[in-house]
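Please read all numbers here as calculations on a predicted model, not as lab measurements.
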Protein chains: 2
Amino acid sequence: MTKSTAQLKVYLSVVHKLKEMIQRDRLSAGDRLPSERELSERLSVGRSSVREAFRALELLGLIETRHGEGTFLRDFRDHHLVELLGMFILQNGQAEKDVLEMKIWIEMGSMNRMLQNDVSTLNWLFDSIVTGYQNGEITTINHFKSSLFESSGNRLAYKVWLVLYDFDRMSSKESAALDIELIYTVKKAMLSKDMTIIRTFCTEPVTLQQAK
Amino acid sequence: MTKSTAQLKVYLSVVHKLKEMIQRDRLSAGDRLPSERELSERLSVGRSSVREAFRALELLGLIETRHGEGTFLRDFRDHHLVELLGMFILQNGQAEKDVLEMKIWIEMGSMNRMLQNDVSTLNWLFDSIVTGYQNGEITTINHFKSSLFESSGNRLAYKVWLVLYDFDRMSSKESAALDIELIYTVKKAMLSKDMTIIRTFCTEPVTLQQAK
DNA sequence: TTTTACAATTGGTCAGACCACGTAATTCTC
DNA sequence: GAGAATTACGTGGTCTGACCAATTGTAAAA
């Protein structure tokens, strides 16, 4: 895969060395990597090449650098890969419809996923959301959804949802205010697996509130 | 979103400037970006900072640099990002699961979306897929899916699906071969809106073939 | 006109300098 | 001796300048 004839760029070789190092030493999230200067010496390459490798991995979300402290391995699940891709994928003024539509797909997937939780877990989740609502932390329907999907267990999907949410919010009007009755409505729907209401909650949540 | 107090690292600001430049000038795949030295001057930053930004975007697969020629925008679909992430993530089981799961959500959404097409459109679509199969262009189930989702009308979702597909492909075994019977099975299911089969096609397509 | 040689441009890499930030060791103060 | 202030060191952040290597464009030579 990696061409050996037309020799690799130095910064890429550093990336590979780092990978080997990480595997060999069983490094995991939070662990510290050698300093730029040390790596530079150990690998006999310029510090700038090491930095290029580090910057690339940083933009990928694989490492984190803290000024004055060092460079650390990051929890890969936090990768902001999504933001990055979003920045470039959505560049061409993509149809807002596509964004909104895909957002709903993820919502449906997340809701379905949560349906597999047991009753006590669901109860606990909704209770904490109600508390958040009463404390004024959750004020819009999308805040509500965010809390739900964050707990759905698929972090990647949640990240993507957040990006789509941001994009959607920019183009459309302000997010609708949250009625506490809606929380209970959704809770009931989840506990009884009422797919009709769940679907409506994803596609047109405001109608659920007006119906009240 | 982007912190303005603790000022951004220079290389990140370059990334943002590039993004703006790409949007403003409507640059697309294959177009050339300014040289490192020119950017360095124009943005009043060191060339090394420009290089850090370029290297990062290169590792992401968003640009391509050719020695002696310059730096060019790349079709994002060519990203070797998957290899990169896989290289660092593969030991993490959860990430894989998230990818596969979200891939299925998009598939379900795309299929549902296509259900709204009229019969003649669906017929035309499947006919062209059959032709592609007979010409040896579509050989795996995922090729089949790709053809479907590409036509689903939501380009954003299709792009994301491609990313997830690549990611999934490198972690799991080879994609299953496509049986032409499966095409007809799915076609029939679409025309009759048989959600059970459609769901199975998204989640466990091979079982549909074994059943034949 | 075609070919060849050379100059200019561009990326690739390195070395060194200096600043800013954190931390740990040290010194000072009480 | 304990705590607070200071200092020294290590680290990332950034810039500059230098040189090499690949490519392209141009001008001279055939």
Side-chain angles (χ1 to χ4, degrees), chain A residues 2-18 21-22 25 27 29-75 78 80, chain B residues 2-18 21-22 25 27 29-74 78 80 84:
Chain A
T2 51
K3 47 173 124 178
S4 47
T5 59
Q7 80 274 8
L8 228 43
K9 291 181 192 172
V10 175
Y11 92 95
L12 285 178
S13 76
V14 173
V15 169
H16 283 117
K17 287 287 183 189
L18 280 172
M21 189 177 307
I22 291 168
D25 299 344
L27 299 183
D31 290 342
R32 192 171 157 220
L33 297 174
S35 75
E36 299 178 352
R37 289 175 176 84
E38 183 186 342
L39 262 179
S40 163
E41 247 188 83
R42 234 201 295 177
L43 304 181
S44 304
V45 299
R47 189 183 155 210
S48 53
S49 291
V50 174
R51 277 190 63 80
E52 288 181 6
F54 272 1
R55 275 340 101 222
L57 293 178
E58 183 180 60
L59 195 64
L60 265 173
L62 296 175
I63 63 173
E64 179 185 6
T65 56
R66 295 201 279 268
H67 196 171
E69 299 183 57
T71 303
F72 303 83
L73 258 187
R74 207 168 149 171
D75 185 347
D78 294 352
H80 47 213
Chain B
T2 49
K3 47 171 123 175
S4 46
T5 59
Q7 81 270 7
L8 228 43
K9 292 182 194 173
V10 175
Y11 92 96
L12 284 178
S13 78
V14 173
V15 169
H16 283 120
K17 288 286 183 189
L18 280 173
M21 189 177 307
I22 291 169
D25 299 342
L27 299 184
D31 290 340
R32 186 165 166 236
L33 297 173
S35 74
E36 298 177 353
R37 289 175 176 86
E38 183 186 339
L39 263 179
S40 164
E41 248 187 84
R42 237 167 43 181
L43 304 180
S44 305
V45 301
R47 190 183 155 210
S48 53
S49 291
V50 175
R51 279 190 62 81
E52 288 181 7
F54 272 1
R55 274 341 101 223
L57 293 179
E58 184 180 59
L59 195 63
L60 264 172
L62 297 174
I63 63 174
E64 178 185 7
T65 56
R66 296 200 279 269
H67 196 169
E69 298 184 57
T71 304
F72 303 84
L73 255 190
R74 203 165 157 174
D78 300 345
H80 42 215
L84 252 296

Report yes if at least one side-chain N or O of A:S49 is closer than 4.0 Å to OP1 or OP2 of C:dC14; otherwise report no. yes
Nearest heavy-atom pair of A:S40 and A:V45: which atoms, and what distance? OG-O, 2.7 Å
What I want to find out is whether B:E41 reaches B:R37 closely enough, with some N-O distance under 4.0 Å, to be called a salt bridge. no
Looking at B:L57, B:T65, B:L18, which one forms a side chain to side chain contact (heavy atoms under 4.5 Å, CB included) with B:T71? B:T65
For B:S44 and for A:L33, find the nucleotide of DNA chain D with the closest heavy atom, then tell me which residue's nucleotide is more 5'. A:L33
Among D:dT14, C:dT23, D:dG12, which nucleotide has an atom closest to any side-chain atom of B:E52? D:dT14
Taking the side chain of B:E36 as its heavy atoms from C-beta onward, which of D:dT24, C:dG12, D:dC15 lies nearest to it? C:dG12
Under 3.5 Å donor-acceptor pair, A:R47 side-chain atoms to D:dG13 base atoms: yes
Quick note, B:E69 side chain, CB onward, closest among C:dG12, D:dG13, D:dT24 is D:dT24
salt_bridge(B:E64, B:R55) N-O dist < 4.0 Å: no
Between D:dC15 atom P and B:L39 atom CG, what is the distance in whole Å? 13 Å
So, B:S49 side chain and B:V10 main chain: donor-acceptor pair closer than 3.5 Å or not? no
Determine whether any donor atom in the side chain of A:R51 lies under 3.5 Å from an acceptor atom in the base of D:dG12, or the reverse, and answer yes or no. no
What integer distance in Å separates B:Y11:OH from D:dC15:P? 14 Å
Could you state the NZ-P distance from A:K9 to D:dA21, rounded to the nearest angstrom? 17 Å
Separation of atom NE2 in A:H67 from atom P in D:dG13, rounded to whole Å: 6 Å
Roughly, in whole Å, what's the span from CZ in A:F72 to C1' in C:dT23? 11 Å
Base, sugar-phosphate or nothing for B:T71? Non-hydrogen atoms, less than 4.0 Å. sugar-phosphate
Salt-bridge contact A:K9-B:E58 (side-chain N to carboxylate O under 4.0 Å): yes
Any base atoms under 4.0 Å from B:S35, or only sugar-phosphate, or nothing? Heavy atoms, all strands. sugar-phosphate
Rounded to the nearest angstrom, tell me the gap between atom CD in A:E38 and atom P in D:dT11. 7 Å
From the set D:dG12, C:dC14, D:dT14, return the single nucleotide nearest to any side-chain atom of A:V10. C:dC14
With a cut-off of less than 4.0 Å, is there a side-chain N or O of A:R55 near OP1 or OP2 of D:dG13? yes
No-H, no-angle donor-acceptor pair, B:R37 side chain to C:dG11 base, under 3.5 Å: yes
Return the value, rounded to whole Å, for the distance between atom CZ of A:R32 and atom P of C:dG22. 15 Å
Phosphate OP1/OP2 of D:dT11 contacted by A:T65 side-chain N/O (<4.0 Å): no
Whole-Å gap separating P (D:dT14) and CZ (A:F54): 15 Å
Indicate, with a heavy-atom threshold strictly under 4.0 Å, whether B:G68 touches base, sugar-phosphate, or nothing. base
